[in-house]
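To find a chain, count down the sequence lines: A is the first, B the second, and so on, and within it residues start at 1.
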Amino acid sequence: MTTPHVRKGTPPKVYVSVYAVLLALTGLTVAAARFDLGRFNLAIALAIAGTKALAVIVYFMHARSAGRLIWLFAGAGFFWLAILITLSLYDPLTRGWLPPPEW
Amino acid sequence: MNRPDDYLNADYSVSSWLLTTDHKRIAILYLLSITLFFFVGGAAAVLFRLELMTPPGDLVGPETYNKLFTMHGVVMVFLFLIPSIPAVLGNFLLPMMIGARDLAFPKLNLLSWYLFILGSAVATTAILMGGLDTGWTFYTPYSTMFAHTNVVTGVLGVFIVGFSSILTGLNFIVTTHKMRAPGLTWFRLPLFVWALYATSLIQVLATPVLGITLLLLVAERGLGIGIFDPAIGGDPLLFQHLFWFYSHPAVYIMILPGMGVVSEIITCFSRKRIFGYPFIAFSSLAIAALGFLVWGHHMFVSGQSAYAGMVFSILSFLVAIPSAIKVFNWTATLYRGSISWQTPMLYALGFIGLFTLGGMTGLVLATLAVDIHVHDTYFVVAHFHYIMVGGMVMAYLGGIHFWWPKMTGKLYSEWWGRVSAAVIFIGFNLTFFPQFVLGYLGMPRRYHAYPDEFQVLNVLSTAGASILGAGYLLPFVYLLLSLKYGRDAGRNPWQATGLEWRTPSPPPTENFARVPEVREEAYAYGAEEAP
């Protein structure tokens with residue numbers, strides 16, 4: 001029987017497959033943590049996390065079949081996240097640009 | 001006498017209230033809850049204003065004083081101001097204003113109230129366990145490394161309350177998009193709905209950041225995970241960035257709905273169409289958007305880079321533009337209007353004056369060099385109280401007086417209403433204007449003792465607070481008395497436009513027997529006045 005949360009045209013095997021991918025990516029995160037890749041440690045961890053988030057948004061949250069308004073709101077969330085990260089980073093990245101004041 | 005089928009008389013059992021999904025009853029549940037917290041937060045203010053009557057710390061010690069202002073801030077911001085207009089007036093009015101029978105997610109609405117009660121119970125537990133002394137801002141490293149008070153419990157309470165706010169915002173956004181009556185296009189919506197919509201966007205986009213930030217604080221304090229402590233790899237300013245990314249927009253969560261209320265009242269009591277409808281509507285969205293870009297002005301002297309300070313200073317000035325657009329448009333609406341001085345109008349006019357003064361002093365604080373002088377002084381305290389109390393609480397009370405006949409079916413004493421508006425306006429200014437001077441003269445905030453030369457201004461402020469307190473008690477008394485002794489209000493006692501006034505007072509459970517069809521723009525007052 002189709003539950004209200006399962007859209008028509010999305011067979012259960014898609015959810016199972018995505019779930020399996022998410023588990024595999026979690027395993028990959030754990031495996032990657034065992035190796036010291038230097039400056040790539042963070043990039044790889046974020047890339048895996050981003051991929052997982054995308055899979056959840058597209059399949060579990062049905063963004064794939066959603067209208068433009070939903071995409072607009074989803075995009076707004078990421079845009080605001082970008083504001084948070086960009087303007088927050090602007091502070092530490094520019095702290096050394098001026099010498100401290102002499103009181 | 002109430003109609004037998006109105007929402008108040010639909011069922012008298014306790015469970016019918018505690019399990020209700022009727023947006024109007026949930027609004028009343030919020031009204032009762034936040035009124036209690038308003039007086040709790042006010043009681044803390046009474047105590048520390050009494051302490052500040054005299055220069056030495058003779059009524060309470062420094063630790064108790066710190067706990068009192070923390071309690072005042074946490075309770076007033078998170079348990080009163082943020083839910084006030086959205087959760088009470090928004091819940092009650094939004095569906096009726098758009099011609100709907102309820103919000104899009106009625107059960108989610110009830111869950112939102114329960115989360116508010118759960119979160120506020122946890123926060124209250126922290127207070128009863130001895131309180132916390134971090135200030136409402138929970139700044140690290142004090143909150144993570146040095147405070148020996150109930151920080152984690154208090155923070156978890158605020159964390160839970162945040163979810164209530166998110167759910168309310170989500171519900172309002174979906175309701176506004178999906179449940180408008182036939183013919184009710186976006187540009188026919190009452191401006192209160194636009195304001196609620198802009199507020200809801202902030203609630204949904206910003207509140208999660210507060211939740212994450214508070215969890216990170218708990219993670220560092222409880223588990224020693226290095227987030228904010230430089231000794232274990234953190235950055236203390238990161239907390240301030242994350243906290244103010246929410247908490248500055250939260251100022252607009254508090255003030256934007258108040259602006260919506262004022263738009264409704266000004267048009268009604270000047271019997272005119274609003275001047276510049278699209279400008280007021282879009283200025284709400286502009287305030288919501290720009291409000292996200294200015295948080296660094298709280299950090300000018302915190303060690304933030306000078307370049308970031310300059311950027312945040314410039315961006316902060318930009319917020320004045322949409323705010324000024326609103327003030328100019330309200331003023332233009334009054335021009336040649338047929339103005340009547342009813343109680344809601346007095347509150348709305350009080351809002352405009354006090355908000356303008358609060359906003360203009362915000363520009364003083366956004367100026368980098370001046371901020372160095374007045375930062376963390378009473379100038380800042382006065383500024384944000386002019387916005388949050390002079391602005392928001394005036395608007396909230398104006399809204400309560402405007403829609404009280406709709407909510408209860410009863411009229412209150414107009415004479416006492418006018419007296420209360422005047423007493424609150426006078427008491428407010430006497431309380432907080434001296435604080436501008438105190439701050440300019442250099443009195444820092446958050447100290448329980450001060451030099452003798454500041455006493456006269458502090459005594460004036462405390463005297464004003466006692467008048468203000470009496471002013472707040474007045475509506476509490478006469479509004480309650482109106483329930484028993486008030487005259488029946490009828491469907492539309494103010495002859496206002498808007499779909500909510502087409503329903504009986506109090507409205508029936510599902511608001512409209514037939515979903516209304518909208519054929520005209522909002523505020524068609526000019527049409528009936530035309531010769």
Side-chain angles (χ1 to χ4, degrees), chain A residues 3-7 29-30 33 36-46 48-50 52-54 56-57 60-63 65-103, chain B residues 166 169-170 173-174 176-178 197 200-210 212-213 230 234-246 248-249 285 288-312 314-316 368-369 372:
Chain A
T3 68
H5 295 292
V6 180
R7 299 285 180 96
T29 306
V30 175
D36 186 5
L37 303 170
R39 60 194 298 188
F40 295 106
N41 280 335
L42 183 63
I44 288 174
L46 285 176
I48 297 171
K52 288 161 73 177
L54 195 64
V56 170
I57 292 167
F60 286 170
M61 297 172 77
H62 300 132
S65 55
R68 280 186 294 181
L69 187 63
I70 303 292
W71 275 102
L72 181 68
F73 271 82
F78 283 100
F79 180 70
W80 255 256
L81 183 64
I83 292 173
L84 169 66
I85 292 170
T86 309
L87 277 178
S88 293
L89 277 179
Y90 189 68
D91 163 29
L93 293 179
T94 59
R95 275 183 205 169
W97 285 14
L98 279 180
E102 294 176 13
W103 298 103
Chain B
I166 293 170
L170 183 68
I173 290 171
V174 178
T176 309
H177 274 278
K178 295 291 184 184
Y197 186 83
S200 302
L201 289 176
I202 305 174
Q203 285 176 300
V204 170
L205 289 168
T207 316
V209 178
L210 175 75
I212 292 162
T213 309
D235 183 337
L237 280 196
L238 177 61
F239 177 84
Q240 295 185 31
H241 278 297
L242 295 174
F243 179 82
W244 288 114
F245 182 81
Y246 164 78
H248 193 79
L285 296 182
L290 287 171
F292 274 98
L293 308 176
V294 302
W295 77 84
H297 67 221
H298 295 270
M299 302 165 60
F300 285 160
V301 296
S302 66
Q304 176 181 245
S305 90
Y307 285 96
M310 283 187 261
V311 169
F312 281 120
I314 293 164
L315 290 169
S316 300
L368 273 169
I372 303 242

Look only at the side chain of B/Gln240 and the backbone of B/Met299, and say whether a donor-acceptor pair between them is shorter than 3.5 Å. no

Is it the side chain or the backbone of B/Val209 that comes within 4.5 Å of chain A heavy atoms, both, or neither? side chain

Just by modelled atom types, is the A/Asp91 backbone N or O under 3.5 Å from a matching donor or acceptor in the A/Thr94 side chain? yes

The interface call for B/Phe292 against chain A, heavy-atom contacts under 4.5 Å, is both

Answer with side chain, backbone, both or neither: which region of A/Leu69 has an atom nearer than 4.5 Å to a non-hydrogen atom of chain B? side chain

Which atoms form the tightest heavy-atom contact between B/Leu205 and A/Gly77, and what is the distance? CD2-CA, 3.8 Å

Contacting moiety of B/Leu238, where chain A heavy atoms sit under 4.5 Å: neither

Would you say the ring centroid of B/His177 lies under 6.0 angstrom from that of A/Phe73? yes

